[in-house]
Each structure stands twice: as C-alpha cells, then as structure tokens.
Amino acid sequence: MALLTLEGVSKRFGGVVANHAISFEVRPGEIVGLIGPNGAGKSTLFDVVTGYYRPDAGRVAFGGRDLVGLRPDQVNRLGIGRTFQKLRPFREMTVLENVMVAVMQHAPQPAAAGEEALGYLEFVGLAGKGSVHARGLSTGERKRLELARALATRPRLLMLDEVTGGVDQKTIPGLVALIGRLRERGLTLVVIEHNMRVIMALADRIVALHLGEVIAEGPPAEVVRDRRLIEAYLGGAYARGA
C-alpha cells in the first residue's frame with residue numbers, strides 16, 4: 001500500500017491556480033523527486049500535504065488516513081516531517097536547544113530530550129556545534145540543523161524543500177550523502193530540488209510539475225527525456241547532455 005496518496009489535489013489563491021488535479025503515490029522506502037520551474041506549485045503542494053493549506057479539491061492520505069482538515073501539528077504527529085526552503089531557526093537559542101524544542105513534543109523531560117537531540121546532531125554532523133547559537137551557523141550548517149529538527153519529530157515520511165539550495169558547491173556532496181543516509185534509517189522521502197545532478201543521483205522516481213500540473217512522472221532517466229519537461233524546464237542543452 002502507498003504511504004502517501006494524492007488524488008486530484010487542487011489549490012487556488014484567488015485567480016491563481018497553484019495546484020491543479022495533482023495525483024501520484026509515494027511508496028514506503030522510496031525517494032521521490034519533485035521538480036519543476038519556479039512557480040510550478042511544488043512548495044504549495046508540500047503545504048497542502050502538511051496541513052498549512054486546505055486543498056480546494058482532492059484527497060490527501062497518509063497510510064490510508066485522510067489528512068485533509070488536520071492541522072500541521074496533527075499531520076506531524078502522524079509521522080510526516082518536513083524542512084523549509086527559507087531557514088528560520090531560533091537564532092538566539094543554541095543548536096542543541098533548537099533540536100530539543102522538536103524532541104520535547106514527544107519527550108517532555110529535558111534530560112531525555114537533550115540526550116535524544118544530541119543523537120540527531122551527531123547524525124547530521126553537528127555534534128560539535130551543540131552549544132553554538134544558531135545565528136552563528138553557516139548556510140550549510142543551518143541546512144543540517146533543519147534536517148535534525150525535522151528528524152527530531154520522528155517522521156516516517158520526510159519532505160525536503162531544497163536542502164542543497166543556496167549552499168556552495170563544496171557543501172553539496174556532503175548534504176547529498178546525508179540525504180542518502182536518511183533512507184538507511186527507514187525513511188521515505190519526497191525531495192524538492194532544482195539541482196538536476198542531485199535529484200538524478202538520489203531519486204528512484206521523479207514527478208515533474210509545470211503551472212501547477214503534473215507533466216511527467218517516472219524513473220529519472222525517462223523523465224528527463226520527456227518533451228514537455230524539456231520545453232518547460234530543462235531546455236535542449238540539458239537534454240542533449242543527458
């Protein structure tokens with residue numbers, strides 16, 4: 001059975017159609033890449049799945065349970081975690097305290113929460129930064145902190161919004177390796193990513209959006225040769241290189 005199911009999901013903002021009749025499934029253990037040009041509706045779809053927006057039409061189900069109408073905190077407690085494109089850590093709190101905030105929704109005792117939070121920091125490579133204030137982290141380190149905070153909610157499905165966006169080229173391989181290790185922890189992933197080298201290396205399957213609609217879906221090697229995706233997003237030069 002699919003872990004996440006979207007059936008005919010649509011979302012409008014006034015006269016702007018952000019998502020239109022989007023349908024696809026995510027199976028347990030998969031890494032699904034969500035790609036498309038800016039304004040294609042990718043982050044809006046994340047917001048619909050995680051309860052920040054209620055869809056105007058369609059169904060969203062997680063493990064067979066309908067999510068429409070649930071608050072973000074309720075969706076999170078069911079096992080869906082996410083990161084955000086815009087990083088907003090608690091700047092005046094330490095790195096450890098940032099993760100403890102997430103841990104304490106299910107482990108309210110400070111000592112236990114701190115121990116668990118340290119484990120997540122070790123996993124993402126920030127074990128030595130626990131006492132540093134979040135404002136002092138680099139962009140790449142803030143990306144890792146965002147991942148640690150999402151992991152601290154104990155998700156089964158993790159939705160990543162441009163984890164490699166805005167970081168220097170030297171930082172990207174480490175983040176890609178970290179994402180790969182998330183699957184080893186038994187997580188299912190949906191990943192928004194503009195870097196096609198990254199998504200080709202990570203994804204089992206790609207769903208491509210344009211103007212709020214699915215225009216291609218399938219294995220990465222097939223999707224990148226789809227004429228509609230080439231015209232809307234990749235361009236002829238990429239297609240020839242692929």
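Predicted, not measured: the structure shown is a model, and the values here were computed from it. In what follows, residues are counted from 1 in the order of the sequence shown.
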Spacing of [X] atom [atom1] and [Y] atom [atom2] [to the nearest 0.5 Å]:
X      : Y      : atom1 : atom2 : result
Met200 : Leu202 : CE    : CG    : 11.0 Å
Leu78  : Thr50  : CG    : OG1   : 12.0 Å
Leu158 : Arg185 : CG    : CZ    : 10.5 Å
Ser10  : Ile22  : OG    : CD1   : 7.5 Å
Glu162 : Leu34  : CD    : CG    : 10.5 Å
Met93  : Arg135 : CE    : CZ    : 12.5 Å

Just by distance, do the side chain of [X] and the backbone of [Y] share a donor-acceptor pair under 3.5 Å?
X      : Y      : value
Arg205 : Glu30  : no
Thr188 : Gly29  : yes
Glu141 : Ser138 : yes
Asp161 : Ile192 : no
Lys11  : Gly212 : no

Work out which heavy atom in [X] is nearest to a heavy atom in [Y]; give both atom names and the distance.
X      : Y      : result
Leu229 : Ala208 : CD1-CB, 3.7 Å
Glu217 : Val207 : CG-CG2, 3.9 Å
Leu175 : Val163 : CD1-O, 3.7 Å
Gly58  : Val68  : O-CG2, 4.2 Å
Pro37  : Ala232 : CG-O, 3.9 Å
Thr44  : Ala18  : CG2-CB, 3.7 Å

Answer yes or no: is there a side-chain heavy-atom contact under 4.5 Å between [X] and [Y]?
X      : Y      : result
Thr153 : Pro155 : yes
Val26  : Leu189 : no
Ile35  : Leu209 : no
Val167 : Lys143 : yes
Lys129 : Val132 : yes
Ile80  : Met159 : yes
Phe62  : Val49  : no

Sidechain N-carboxylate O distance under 4.0 Å for [X], [Y]:
X      : Y      : result
Asp226 : Arg228 : yes
Arg142 : Glu146 : no
Arg183 : Asp204 : yes

With clusters defined by side-chain heavy atoms of hydrophobic residues (ILVMFWY) lying less than 4.5 Å apart, directly or transitively, does [Y] cluster with [X]?
X      : Y      : value
Leu4   : Ile206 : no
Phe123 : Leu126 : yes
Phe24  : Leu3   : yes
Val32  : Val224 : no
Val223 : Leu6   : no

Do [X] and [Y] meet the cation-pi criteria used here (NZ or CZ under 6.0 Å from the six-membered ring centre, within 45° of the axis)?
X      : Y      : result
Arg144 : Tyr120 : no
Arg71  : Tyr52  : no
Arg82  : Phe84  : yes

More than 12 heavy atoms from other groups under 6.0 Å of [atom1] on [X]:
X      : atom1 : result
Arg65  : CZ    : no
Gln105 : CD    : yes
Glu7   : CD    : yes

Using the side chain to side chain contact (heavy atoms under 4.5 Å, CB included) rule, take Leu160 and Leu147 through it: C-alpha gap first, then chi angles, then the decisive distance, then the call.
-> CA-CA 8 Å; Leu160 307 179; Leu147 275 172; 3.6 Å; yes
Determine, step by step, whether His20 and Val9 satisfy the side chain to side chain contact (heavy atoms under 4.5 Å, CB included) criterion, reporting the C-alpha distance in whole Å, the side-chain angles of both residues, the deciding distance to 0.1 Å, and the verdict.
-> CA-CA 6 Å; His20 176 66; Val9 173; over 6 Å; no
Between Tyr53 and Phe13, ring centroids under 6.0 Å =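 That pair passes the under 6.0 Å test.
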Carefully, step by step, assess Met196 and Tyr233 under the rule side chain to side chain contact (heavy atoms under 4.5 Å, CB included).
-> CA-CA 11 Å; Met196 288 304 298; Tyr233 184 47; 4.2 Å; yes
May I have the step-by-step check of salt bridge (Lys or Arg N to Asp or Glu O under 4.0 Å) for Glu116 and Arg154, ending in yes or no?
-> CA-CA 11 Å; Glu116 185 172 334; Arg154 300 182 183 175; 2.9 Å; yes
Show the numbers, then the answer: is there a side chain to side chain contact (heavy atoms under 4.5 Å, CB included) between Leu187 and Leu151?
-> CA-CA 10 Å; Leu187 287 170; Leu151 288 172; 3.5 Å; yes
